[in-house]
Amino acid sequence: MTTQNPLPRARIMGVNVSAITMADALRTVEDWIGRRAQNYVCITGVHGVIESQSDPKLMAIHEGAGMATPDGMPLVWMARKLGYGGTERVYGPELMLQLSALSAQKGYRQYYFGGAPGLAERLRERLTERFPGLAVAGTFSPPFRPASADEDDETVRMINAARPDIVWVGLSTPKQEYWMAGHLGRIDAPVMIGVGAAFDFLAGTKRQAPAWMQRRGLEWLFRLLSEPRRLWRRYGKIVPQFIFGASLQLLRQKTALADNPKR
């Protein structure tokens with residue numbers, strides 16, 4: 001059963017994004033593991049916010065998440081402008097690295113679910129080499145087609161039999177959010193975290209944007225230039241929609257404050 005989320009959230013274009021730091025995220029995950037409190041984490045970027053505008057179910061999934069971390073700098077900047085000045089980026093690959101280091105120290109068991117065939121195994125090799133003592137309870141790359149009810153039941157049984165503390169889900173947005181929400185209460189692990197392309201980045205099969213581009217909110221441009229044929233439609237949609245929607249929200253906030261100066 002999920003627990004009431006005490007973390008502050010900034011509502012960005014209708015999506016509740018956790019206004020947190022990396023330290024907050026690590027502390028929260030450790031608390032869930034210690035109490036065996038089942039939750040899922042959405043690693044939320046501009047893509048997730050825009051998809052939620054036309055998908056009420058995805059919006060509700062973000063609302064029900066134990067955390068919806070600000071994965072990209074545009075969401076960090078928005079949260080700060082909305083009054084949450086201490087908000088930091090909680091980037092999926094970096095969260096995975098920091099939790100892996102912590103898990104190696106404290107014995108938390110990992111499960112890698114998702115990715116193309118062989119990717120989860122490569123990820124396990126890379127991370128166990130980087131973090132000696134990291135316990136990986138299992139890996140599974142599901143087929144790209146929808147699973148049958150029997151196949152899904154078998155997947156749940158397999159994951160639960162491995163007794164992980166953290167299930168990392170690498171299925172991309174919004175598929176991974178649907179999967180986590182649909183399996184809350186069925187997966188026994190206290191934490192499911194949807195990290196998408198972090199599997200590829202940390203396994204070394206795709207390049208991450210340089211740090212300077214990440215700091216300036218230009219990671220989308222790097223990914224677009226890396227995979228233009230696959231991503232041009234996505235970013236051609238979400239970048240202008242986010243700029244317009246975020247600007248409109250800030251304008252409305254400014255107008256409301258001007259109309260009610262004592263607020």
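We count residues from 1, following the sequence as given.
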**Q** Counting only heavy atoms not in R207, do more than 12 sit closer than 6.0 Å to its CZ atom?
**A**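 Atom CZ in R207 is not packed in, count stays at 12 or less.
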**Q** Using the rule that two of Ile, Leu, Val, Met, Phe, Trp, Tyr join whenever any of their side-chain heavy atoms come within less than 4.5 Å, decide whether F242 and L58 are in one cluster.
**A**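 F242 does not cluster with L58.
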**Q** Classify the ring geometry between Y235 and W220 as parallel (under 30°), tilted (30 to 60°) or perpendicular (over 60°).
**A**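 Ring orientation of Y235 relative to W220: tilted.
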**Q** Quick check on the 6.0 Å ring-centre criterion: do F113 and W179 meet it?
**A**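 Close enough - the centres of the two rings lie under 6.0 Å apart.
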**Q** More than 12 non-hydrogen atoms from neighbouring residues, nucleotides or ligands closer than 6.0 Å to CZ on R230, yes or no?
**A**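 Counting other residues, nucleotides and ligands, CZ of R230 exceeds 12 neighbours.
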**Q** Would V41 and M180 satisfy side chain to side chain contact (heavy atoms under 4.5 Å, CB included), going step by step from the backbone distance to the final call?
**A** CA-CA 8 Å; V41 178; M180 292 189 297; 5.9 Å; no
**Q** Taking all non-hydrogen atoms of both residues into account, name the closest pair between S18 and R9 and its distance.
**A**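 That closest heavy-atom pairing would be OG-NE, 3.7 Å.
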**Q** Decide side-chain hydrogen bond (donor to acceptor under 3.5 Å, both in side chains) for Y91 and E219; before the verdict, give the C-alpha distance in whole Å, the side-chain angles of both, and the deciding distance to 0.1 Å.
**A** CA-CA 11 Å; Y91 179 44; E219 193 166 7; 2.7 Å; yes
**Q** I'd like to know if R157 and D153 make a salt bridge, using a cut-off of under 4.0 Å between side-chain N and carboxylate O.
**A**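 Salt bridge: no.
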**Q** Taking E51's backbone N and O only, do any of them form a donor-acceptor pair with Q241's side chain (distance below 3.5 Å, no angle check)?
**A**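 Not a single qualifying donor-acceptor pair exists.
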**Q** Is a side-chain donor or acceptor of S52 paired with a backbone partner of V15 at a separation under 3.5 angstrom?
**A**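 Between the backbone of V15 and the side chain of S52 there is no qualifying donor-acceptor contact (under 3.5 Å).
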**Q** Any chain of hydrophobic side-chain contacts (each under 4.5 Å) joining L225 to M73?
**A**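 Not linked; separate clusters.
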**Q** For the pair T205 (side chain) and D200 (backbone), establish whether a donor and an acceptor sit closer than 3.5 Å, ignoring hydrogens and angles.
**A**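 Side chain of T205 to backbone of D200: a pair is present.
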**Q** Counting N and O atoms only, with roles assigned by atom type, does the side chain of R36 sit under 3.5 Å from a partner on the main chain of P190, one being a donor and the other an acceptor?
**A**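 No: the side chain of R36 does not pair with the backbone of P190.
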**Q** Checking L127 against V136 for the side chain to side chain contact (heavy atoms under 4.5 Å, CB included) test, could you report, in this order, the C-alpha distance in whole Å, the side-chain angles of both residues, the deciding distance, and whether it holds?
**A** CA-CA 9 Å; L127 292 183; V136 177; over 6 Å; no
**Q** Of all residues at least two apart in sequence or in a different chain, which pass the side chain to side chain contact (heavy atoms under 4.5 Å, CB included) check with K106?
**A**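 If we apply the side chain to side chain contact (heavy atoms under 4.5 Å, CB included) test to K106, skipping adjacent residues, the hits are E30, L102, Y108.
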**Q** Does I166 share a hydrophobic cluster with L123, counting links as ILVMFWY side-chain heavy atoms below 4.5 Å and allowing steps through other members?
**A**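 Yes, I166 and L123 fall within the same hydrophobic cluster.
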**Q** Considering non-hydrogen atoms only, spot the tightest contact between A246 and M13 and give its length.
**A**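 Closest approach of A246 to M13: N-SD, 3.7 Å.
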**Q** Considering non-hydrogen atoms only, spot the tightest contact between W232 and L224 and give its length.
**A**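 In this case the closest contact between W232 and L224 is CA-CD1, 3.5 Å.
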**Q** Please check if the side chain of R126 supplies one atom and the backbone of R122 the other of a donor-acceptor pair under 3.5 Å.
**A**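 Side chain of R126 to backbone of R122, a donor-acceptor pair under 3.5 Å: no, none is there.
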**Q** Donor-acceptor pair, distance only, cut-off 3.5 Å: does the side chain of E63 make one with the backbone of M59?
**A**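 Here the side-chain-to-backbone pair does not exist.
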**Q** Taking all atoms of both residues into account, what is the closest heavy-atom pair of G217 and P74, and its distance?
**A**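 Reported closest heavy-atom pair: CA-CD, 4.3 Å.
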**Q** Considering only NZ, NE, NH1 and NH2 on the basic side and carboxylate oxygens on the acidic side, decide whether D188 and R163 come within less than 4.0 Å.
**A**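 A salt bridge is absent here (no side-chain N lies under 4.0 Å from a carboxylate O).
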**Q** Is the shortest heavy-atom distance from the side chain of D150 to the side chain of D152 under 4.5 Å?
**A**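 Contact flag for D150/D152 side chains = no.
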**Q** Verify the cluster assignment for L171 and L184: are they in a single hydrophobic cluster under the rule of side-chain heavy atoms below 4.5 Å apart?
**A**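 Yes, one cluster joins them.
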**Q** Are any side-chain N or O atoms of T87 and backbone N or O atoms of Y84, one a donor and one an acceptor, separated by less than 3.5 Å?
**A**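 A pair under 3.5 Å: yes.
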**Q** Is any side-chain heavy atom of V239 less than 4.5 Å from a side-chain heavy atom of V46?
**A**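 Result no, sub-4.5 Å side-chain heavy-atom pair not found.
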**Q** Step by step, work out the side chain to side chain contact (heavy atoms under 4.5 Å, CB included) result for T28 and N39.
**A** CA-CA 10 Å; T28 299; N39 283 277; over 6 Å; no
**Q** Which value, rounded to the nearest 0.5 Å, describes the distance between Q249 atom CD and L82 atom CG?
**A**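 Answer for the CD-CG pair, Q249 versus L82, is 5.0 Å.
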**Q** Do Y111 and T139 make a side-chain contact, defined as non-hydrogen atoms from C-beta onward lying under 4.5 Å apart?
**A**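 Sidechains of T139 and Y111: no contact.
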**Q** For residues I43 and I193, determine if any side-chain heavy atom of one lies less than 4.5 Å from a side-chain heavy atom of the other.
**A**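 Side-chain contact under 4.5 Å: yes.
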**Q** Show your working on side-chain hydrogen bond (donor to acceptor under 3.5 Å, both in side chains) between S100 and Q110 and close with a plain yes or no.
**A** CA-CA 8 Å; S100 296; Q110 323 291 298; 4.6 Å; no
**Q** Taking atom NZ of K206 as the centre, report whether more than 12 heavy atoms of other residues, nucleotides or ligands fall under 6.0 Å from it.
**A**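 Counting other residues, nucleotides and ligands, NZ of K206 exceeds 12 neighbours.
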**Q** Supply the atom-to-atom distance I33 CD1 to L99 CG, rounded to the nearest 0.5 angstrom.
**A**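 Reported to 0.5 Å precision, the distance equals 7.0 Å.
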**Q** Give the C-alpha distance, both sets of side-chain angles, the deciding distance and a yes or no for side chain to side chain contact (heavy atoms under 4.5 Å, CB included) between W32 and Q38.
**A** CA-CA 7 Å; W32 293 340; Q38 296 171 353; over 6 Å; no
**Q** Mind running salt bridge (Lys or Arg N to Asp or Glu O under 4.0 Å) on D31 and R35 for me, showing each step along the way?
**A** CA-CA 6 Å; D31 175 63; R35 293 189 292 110; 2.7 Å; yes
**Q** Distance from E177 atom CD to D55 atom CG, nearest 0.5 Å?
**A**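 Between atom CD of E177 and atom CG of D55 there are 10.0 Å.
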**Q** Quick one: closest heavy-atom pair of M96 and A198, and the distance?
**A**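 Taking every non-hydrogen atom into account, SD-CB, 4.3 Å.
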**Q** Should Q176 and Y40 count as side-chain neighbours, where that means a heavy-atom distance under 4.5 Å?
**A**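 No; the side chains remain at least 4.5 Å from each other.
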**Q** Roughly how far, to the nearest 0.5 Å, is the CG atom of L7 from the CG atom of N16?
**A**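 Going from CG on N16 over to CG on L7, the span is 11.5 Å.
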**Q** Kindly indicate whether the side chain of V169, heavy atoms from C-beta on, has any atom under 4.5 Å from the side chain of K175.
**A**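 Side chain of V169 against side chain of K175, heavy atoms only: no contact under 4.5 Å found.
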**Q** Assigning hydrophobic clusters by single linkage (Ile, Leu, Val, Met, Phe, Trp, Tyr; side-chain heavy-atom cutoff under 4.5 Å), is M192 placed with V156?
**A**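 They do share one cluster, since a chain of ILVMFWY contacts under 4.5 Å joins M192 to V156.
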**Q** Once you round to the nearest 0.5 Å, how far does CZ of F140 lie from CD of E121?
**A**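 Output value for this atom pair is 10.0 Å.
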**Q** Tell me if a side-chain donor or acceptor on S148 pairs with a main-chain N or O of E151 at a distance below 3.5 Å.
**A**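 Yes; judged by distance alone, with no hydrogens or angles, the pair exists.
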**Q** What residues, two or more places apart in sequence or in another chain, satisfy side chain to side chain contact (heavy atoms under 4.5 Å, CB included) together with A197?
**A**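 Side chain to side chain contact (heavy atoms under 4.5 Å, CB included) check on A197 returns F201, R223.
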**Q** Which of these, T255, L250, L251, sits in a side chain to side chain contact (heavy atoms under 4.5 Å, CB included) with Q253?
**A**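 Of all the options given, the one that passes is L250.
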**Q** Which atom names give the shortest non-hydrogen contact between Q214 and A209, and what distance separates them?
**A**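 So the minimum-distance heavy-atom pair works out to NE2-O, 2.8 Å.
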**Q** Could you tell me if the side chain of T155 sits less than 4.5 Å from the side chain of H183, heavy atoms only?
**A**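 Of all side-chain heavy-atom pairs linking T155 with H183, none is under 4.5 Å.
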**Q** Only one of L75, V90, T69 clears side chain to side chain contact (heavy atoms under 4.5 Å, CB included) with T44; which?
**A**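 Between T44 and the candidates, side chain to side chain contact (heavy atoms under 4.5 Å, CB included) is satisfied uniquely by L75.
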**Q** Whether R130 and E125 form a salt bridge (side-chain N of Lys/Arg under 4.0 Å from carboxylate O of Asp/Glu) is what I want to check.
**A**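 A salt bridge is absent here (no side-chain N lies under 4.0 Å from a carboxylate O).
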**Q** With rounding to the nearest 0.5 angstrom, report the CD1 to SG distance, I61 to C42.
**A**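 Spacing of CD1 (I61) from SG (C42) equals 7.0 Å.
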**Q** Are the side chains of I20 and E88 in contact, using a 4.5 Å heavy-atom criterion?
**A**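 The answer is no, as the side chains (C-beta and beyond) never meet within the 4.5 Å cut-off.
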